[in-house]
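Just so it is clear, the values below take in all heavy atoms, side chains as well, and ignore hydrogens, waters and symmetry mates.
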Amino acid sequence: MADYVQMWKDLGMDLETHDLLCQVLPTAVGDVYLSQENRPAAMDFWDLVISEVHGIRPAELIEAQKEGRKVFGTFCVYVPDEVVIAANGIVTGLCGGSQFWVPDGEAVLPKSTCPLVKASVGARLGKTCPFFRIADMYVGETTCDGKKKAYEILGEDVPMYIMDVPQMKREKDILKWKEEIAEFAKTVEEFTGNEITSEKLAEAIHIINEKRKALQRVYDCRKSECLPISGRDALLMTQISFFDDPVRCAQMCNRLADELEQRIKDGVSVVPAGTKRILITGTPLAVPNWKLHNIIETSGAAVVCEEMCTGTRYFENLVDESKTTLDEQFMALSERYMKTNCACFTPNTGRIDDILPGQGVQGGRCDRLQPEVLLPV
């Protein structure tokens with residue numbers, strides 16, 4: 001492992017407390033991931049990244065900043081990565097997934113607040129996560145009351161931009177979200193000093209679409225009766241995709257998908273025939289939140305799908321690439337992102353229709369993945 005201590009010092013991190021977090025992670029990775037048998041060889045990339053999760057990618061981001069690029073930290077799949085990329089910016093996910101950060105969050109938030117929200121605040125204020133120290137601007141969204149209050153607190157410590165997500169999915173709401181995206185684009189242009197043109201936005205839309213297609217290829221392999229990858233490994237891939245370089249992410253996911261498709265042809269499964277198949281639906285599971293998958297898959301079952309933001313909601317719809325003007329592209333972005341079935345919407349039947357057998361435009365996610373149990377979290 002490389003020595004990142006000086007980098008962490010330069011970021012103003014609390015090294016003593018950070019060391020406590022770093023001591024726990026290798027054991028967790030070993031117990032949850034490296035203990036698995038018959039894993040796809042292509043998982044070596046994600047094993048490397050998670051083994052140095054606070055080093056490899058943060059070092060890349062800092063080098064990019066030295067070149068004048070801006071890093072935008074995001075908390076939700078509603079924030080359009082395409083807009084940031086079109087301005088030569090970089091996106092990194094900031095969702096807090098560790099109980100370790102919760103106490104620092106509780107110093108400024110009620111204990112009854114969602115743990116994810118408390119962890120996200122604690123990771124910044126406790127100075128124990130490099131991604132939270134590196135981001136030049138945070139981009140939040142109005143998907144829950146807890147996060148909105150958290151953004152007020154974080155905004156006192158770091159530049160903060162809030163996108164107002166509509167709470168319904170009427171035509172006028174889609175138009176409203178289009179205007180929110182256009183306003184966000186103006187802010188990104190000002191912050192980066194780079195103009196967003198239709199050509200640059202088209203390229204960014206293509207980059208993220210290719211990333212989505214690659215993630216979808218891996219998930220499609222989980223539909224096979226011959227299950228070529230564990231739910232734990234698929235979750236890790238998705239979690240890391242939130243802060244990895246999008247072009248590299250697509251390459252690595254396609255590399256993994258190539259291997260998984262071959263494993264299916266060869267009859268190579270990570271579980272015995274007849275293993276119970278589980279679909280998990282609910283809130284996002286950010287790094288290092290692996291406990292649920294680990295419990296399920298060390299108890300004789302297999303997770304075959306995550307209907308959550310660290311799962312299918314992240315990549316399942318593409319942006320229309322045929323649009324040629326910024327106004328049309330912003331509308332295409334709005335239409336794609338508003339298809340995401342977040343719990344903040346009312347009415348919210350789309351999510352139910354998408355999960356239950358025989359429902360929804362695609363026949364229901366259960367029909368496509370044949371899970372035997374739905375597990376809400």
Side-chain angles (χ1 to χ4, degrees), residues 28-51 211-241 249-282 285 287-308 310-316 354-358 362-377:
V29 171
D31 291 345
V32 176
Y33 288 101
L34 303 185
S35 62
Q36 298 180 93
E37 297 180 0
N38 195 23
R39 298 176 74 206
M43 284 304 300
D44 59 355
F45 169 73
W46 289 279
D47 288 344
L48 172 63
V49 174
I50 200 60
S51 71
K211 172 181 170 179
R212 293 186 181 113
K213 291 176 185 177
L215 287 162
Q216 183 70 63
R217 279 188 68 199
V218 174
Y219 269 65
D220 284 345
C221 291
R222 302 168 76 188
K223 300 175 185 178
S224 172
E225 290 185 15
C226 173
L227 192 61
I229 185 171
S230 69
R232 281 169 283 180
D233 282 340
L235 176 65
L236 182 63
M237 173 201 70
T238 309
Q239 289 174 331
I240 291 175
S241 71
C249 177
Q251 292 172 342
M252 293 297 102
C253 290
N254 279 321
R255 172 175 171 251
L256 175 60
D258 288 342
E259 180 180 357
L260 298 184
E261 290 165 2
Q262 186 61 51
R263 282 162 72 95
I264 291 172
K265 292 177 181 178
D266 295 339
V268 178
S269 177
V270 296
V271 294
T275 296
K276 297 296 183 182
R277 301 165 68 87
I278 311 294
L279 181 151
I280 300 178
T281 177
L285 300 174
V287 172
N289 200 332
W290 310 311
K291 181 165 61 176
L292 184 59
H293 280 59
N294 192 47
I295 290 173
I296 292 170
E297 297 196 328
T298 56
S299 300
V303 178
V304 296
C305 183
E306 296 80 22
E307 193 281 320
M308 57 182 60
T310 43
T312 56
R313 290 183 219 150
Y314 184 47
F315 57 78
E316 64 182 340
D354 194 34
I355 295 173
L356 294 180
Q362 300 184 66
R365 195 170 306 284
C366 283
D367 287 351
R368 301 198 300 280
L369 288 152
Q370 296 87 45
E372 297 165 276
V373 179
L374 300 181
L375 183 61
V377 294

Inset, instruction - Kindly give the heavy-atom pair with the smallest separation between I296 and A302, and that separation in Å. - result: CG2-N, 4.4 Å
Inset, instruction - Look up atom OG1 in T298 and atom NE2 in H293, then write down how far apart they are to the nearest 0.5 Å. - result: 12.0 Å
Legend entry - R313 CZ to M308 CE distance, which is reported to the nearest 0.5 Å: 7.5 Å
Legend entry - Candidate list K211, R212, E306, test side chain to side chain donor-acceptor pair (under 3.5 Å), partner Y314, passing option: K211
Legend entry - Closest contact, heavy atoms only, C305 versus T312: SG-CG2, 3.7 Å
Inset, instruction - Go through the side-chain N and O atoms of D266 and Q262 and say whether any donor and acceptor fall under 3.5 Å apart. - result: yes
Inset, instruction - Verify whether one side chain among E316 and Y219 offers a donor that lies under 3.5 Å from an acceptor in the other. - result: no
Legend entry - Point-to-point distance, once rounded to the nearest 0.5 Å, from SG of C221 to CD1 of I229: 8.5 Å
Legend entry - Heavy-atom side-chain contact between L285 and W290 under 4.5 Å: no
Inset, instruction - Please report the closest heavy-atom contact between L235 and N289, naming both atoms and the distance. - result: CD2-O, 3.8 Å
Inset, instruction - Find out whether N254 and R217 are in side-chain contact, i.e. whether some heavy atom of one side chain is under 4.5 Å from a heavy atom of the other. - result: yes
Legend entry - Expected output: side-chain S269 to main-chain L227 donor-acceptor under 3.5 Å: yes
Legend entry - Pair S230-Q36, side-chain donor/acceptor within less than 3.5 Å: yes
Legend entry - R277 (side chain) donor-acceptor with V304 (main chain) under 3.5 angstrom: no
Inset, instruction - Could you tell me the separation between the CG atom of L34 and the CG atom of D47, rounded to the nearest 0.5 Å? - result: 5.5 Å
Inset, instruction - Please find out if less than 6.0 Å separates the ring center of W46 from that of Y33. - result: no
Inset, instruction - Working to the nearest 0.5 Å, report the span between NZ of K265 and SG of C226. - result: 12.5 Å
Inset, instruction - Could you pull out the closest heavy-atom pair between R39 and D233, with the gap in Å? - result: NH2-OD1, 2.8 Å
Inset, instruction - Return the minimal non-hydrogen interatomic distance between P228 and L260, and the atom names on each side. - result: O-CD2, 3.6 Å
Inset, instruction - With the side chain counted from C-beta on, respond yes when V32 and K291 share a heavy-atom pair under 4.5 Å apart, and no when they do not. - result: no
Inset, instruction - May I ask you to decide if V271's main-chain N or O and T275's side chain share a donor-acceptor pair within less than 3.5 Å? - result: no
Legend entry - Ion pair check, D258 and R255, cut-off under 4.0 Å: no
Inset, instruction - Could you tell me which residues satisfy salt bridge (charged side-chain N to carboxylate O under 4.0 Å, His left out) with K213, sequence neighbours excluded, listed by chain and number? - result: E210
Inset, instruction - Specify the closest pair of heavy atoms between N294 and D31, including all atoms of both residues, with the distance to one decimal. - result: OD1-O, 4.4 Å
Legend entry - Under 3.5 Å donor-acceptor, E259 side chain and P40 backbone: no
Inset, instruction - Mark yes or no for whether R222, through its side chain, and V303, through its backbone, hold a donor-acceptor pair below 3.5 Å. - result: yes
Inset, instruction - Mark yes or no for whether E297, through its side chain, and R232, through its backbone, hold a donor-acceptor pair below 3.5 Å. - result: yes
Legend entry - Beyond-backbone contact of L236 with M43, side-chain heavy atoms, under 4.5 angstrom: yes
